[in-house]
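The block underneath contains the structure these notes are about, expressed in structure tokens.
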Amino acid sequence: MPVARPETSDSRIIAHVDMDCFYVQVEQRKQPHLRGQPTAVVQYNSWKGGGLIAVGYEARKDGVKRSMRGDEAKKVCPKIQLVQVPVARGKADLTIYRNAGSEVVSILARKGRCERASIDEVYLDLTDAAETMLKETPLENLENIDEEVLKSHVLGLSLNENDEKEIVREWLTRRDADHRDKLLACGAIIVAQLRMQVLRETEFTCSAGIAHNKMLAKLASGMNKPAQQTIVTSASVKGLLEPLPIKKMKQLGGKLGSSLQTDLGVNTVGDLLQFSEEKLQDIYGSNTGTWLWNIARGISGDEVEGRLLPKSHGSGKTFPGVQALKSLAAVEKWLKELCEELSERLQIDLETNKRVAHTLTLHANAYKSTDTDSHKKFPSKSCPLRYGAGKILEDSVNLFQAGLREFLGSYMSPVGGGWGITGLSVTASKIVAIPSGTSSITKYFHGQDRFHTSSEPSDEKFAPKDDNLSPSRTESHSASHLTECDGERTPMTHDTFTFDQHETACKDEATESCLTSQHHEPQPRVPNTNDGKRTYEQKRKATKEKGTSSILRFFQTNSCSSSSQETKCLSTGAQEALGMESEILTESQNKVRTNSWRYNVDEIDQSVVEELPPELQEELRTWLRPQKQAKPSTVKRGSSIAHYFSPNKNEHTNLKKS
DNA sequence: ACGGGTGCCACG
DNA sequence: TCGTGGCAC
């Protein structure tokens, strides 16, 4: 899995930003009375109190650990607040966390190439920003270094904890520092600003690592949590890695790491140094071998991908033990729930990001009661994805049946029982951007209503619109509209967020307070929500904070802000969005929706396509990808494009509206 | 066969 | 290309 990538004496400035116990923070923002209390997020609390999926720092202090059940957590920490993950369609629904993650990404993406690594982690390539800063403002001249920057942990810098900030200040402004260290210092300043900006606009704290590559940045972001940042200087790398247990390295937490320990006696990253690249390659293959050899030396050439949006969407659920699904009807029932969720998310992605998914995959876990071993795995199956919950369901059911037949073999009857499904998921992948507003197709369709063969009033469906989303708090609160910058989108829309704006390192106190006051009403209640964090802080003997804008100070003065920004209104006109089926919209999608243009793939039928000028047909094909038919056996449909475009008749599934 | 729900990547 | 397996949070 790990793949080797060479590296050229790396002077990039890479940051890894990691949200602190993210789901807990999301819930605490939603319910501010939870702030400062030991809190954990659980899902499905009926069985042993539910499984913990996030634990706040106050609760961690009491010994609560992820992967306890709710009951155990209560035992260890009786006053713990257990918040349930929202449930929709009978399953956990992570939408609010995804959207919260998008809020964060939209802020972090302002300063450089940004890669959404997971729902709560982001990589940033700040090389350009750091170089620019260094050119324009020599560090030695920096007067007001922000408090938050001074709280950085600089690996290898000092052993005691006295005068930490002055030591950091000296390091940051050292005249004789080498160029790479100066760039790191600039990176740290930028990251501190970004983290404060995230806090101001989202109320979320995060931790960060700043280093010369992704691996080291990731390592560092976890070293001082919560709400702190850690800098990895080149000089510190050897000392950092040498004693580091191998399992701490990303990718080595599983079987590969175990193999290194048991097969090679490698317990720390330093132990790896004894092995030649060839030796490692012999054992683990050339890619993994080289990768191991490199990471032992702190080398990792992985680039930060400019990707703000997920590459796939999935919806799944497990049915452990007695809950296992034992009939096709039960499977269909749950597939319907899963497909409806997936479809809704695809709609939103289409409308807010103008992307379409091309592949539908069904995964299942199953057992056969008739055999103890020979656990054949239930095979995944995929097919071209057609939009609309009903069609996704139809295809999913077919994929499932194909998988089931294969799973059972020809001996067992699919209806006879003797099998159980313990997990089901549907995933949409191969998501590509469709030509945006300026594209010829859009223009062509716009005002060409003779092409609208369906009876639906389709006029507005093809009205492209520039979305002028401002990055303001309330806007960004509403979910995942992010402008991708990796060029996958054909003509790139002009940036939604302004880049940079000569915002030099330390000077904008004014901007800050301005932002703060503008986005936050004076907070009622809960004077000091962050006792836990402060304790943490006290531990490191923080000297007084005279600084003006540190994150710590935010807590002291701003405690918590209302979650009043929940949007409530839902434009019903939005319902016909992609035309095909009515789907419920969550509040968060509502806003962007009014700004989005609509595209009803299924209203374009074959004859329409054939009428298009050849070059447009070609263009269409590039994103509507000819499909071989979705159907495993039984049903066979017409030619791919025709099928893809054909108006859908069997769309009777009524989606429930709640 | 309880760490659930997701999401990413590499390999064959 | 598709399907599997591994890893992570």
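Numbers restart at 1 for each chain; the letters A, B, ... are given by sequence-line order, proteins then strands.
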Note: for A:Ser312 and A:Leu52 on DNA chain B, the residue whose nearest nucleotide lies more 5' is A:Leu52
Could you check A:Arg66 against A:Leu338 and say which one's nearest nucleotide on DNA chain B is further toward the 5' end?
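Final value for this comparison: A:Arg66.
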Under 4.0 Å, counting only non-hydrogen atoms across every strand here, what does [X] touch: a base, just sugar-phosphate, or nothing?
X	value
A:Ser425	nothing
A:Ile53	base
A:Phe22	nothing
A:Gln323	base
A:Lys430	sugar-phosphate
A:Lys48	nothing
A:Asn365	nothing
A:Gly51	nothing
A:Lys218	sugar-phosphate
A:Pro320	base

Atom CZ of A:Arg66: over 12 foreign heavy atoms under 6.0 Å:
no
Find the distance [X]:[atom1] to [N]:[atom2] and express it as a whole number of Å.
X	N	atom1	atom2	result
A:Arg116	B:dG7	CZ	P	7 Å
A:Tyr23	C:dA8	OH	C1'	12 Å
A:Asn45	B:dG4	CG	P	15 Å
A:Glu406	C:dT4	CD	C1'	12 Å

Using a cut-off of less than 4.0 Å, is there contact between a side-chain N or O of [X] and OP1 or OP2 of [N]?
X	N	result
A:Thr427	B:dG7	no
A:Arg98	B:dT6	yes
A:Arg307	B:dC8	yes
A:Lys381	C:dT4	no
A:Asn287	B:dC11	yes
A:Ser118	C:dC9	no
A:Lys250	B:dC8	no
A:Lys255	C:dG6	yes
A:Tyr44	B:dG5	yes
A:Thr318	B:dG5	yes

For the residue pair A:Glu103 and A:Arg29, what are the closest heavy atoms and their distance?
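That would be OE2-NH2, 2.7 Å.
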Can a salt bridge be assigned to the pair [X] and [Y] using a cut-off of 4.0 Å between side-chain N and carboxylate O?
X	Y	answer
A:Glu203	A:Arg35	yes
A:Glu344	A:Arg89	yes
A:Glu341	A:Arg345	yes
A:Glu406	A:Lys381	yes

Which of these nucleotides, [options], is closest to any side-chain atom of [X]?
X	options	value
A:Arg345	B:dG7, C:dC9, C:dT4	B:dG7
A:Gln251	B:dT6, B:dA1, C:dC7	C:dC7
A:Ser380	C:dT4, B:dT6, B:dG5	C:dT4
A:Leu256	B:dC8, B:dG3, C:dC7	C:dC7

Parallel, tilted or perpendicular for A:Phe407 and A:Phe378, by the 30°/60° rule?
tilted
Say we look at C:dG5 and B:dA1: how far apart would their P atoms be, to the nearest angstrom?
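Between the two P atoms, the distance is 14 Å.
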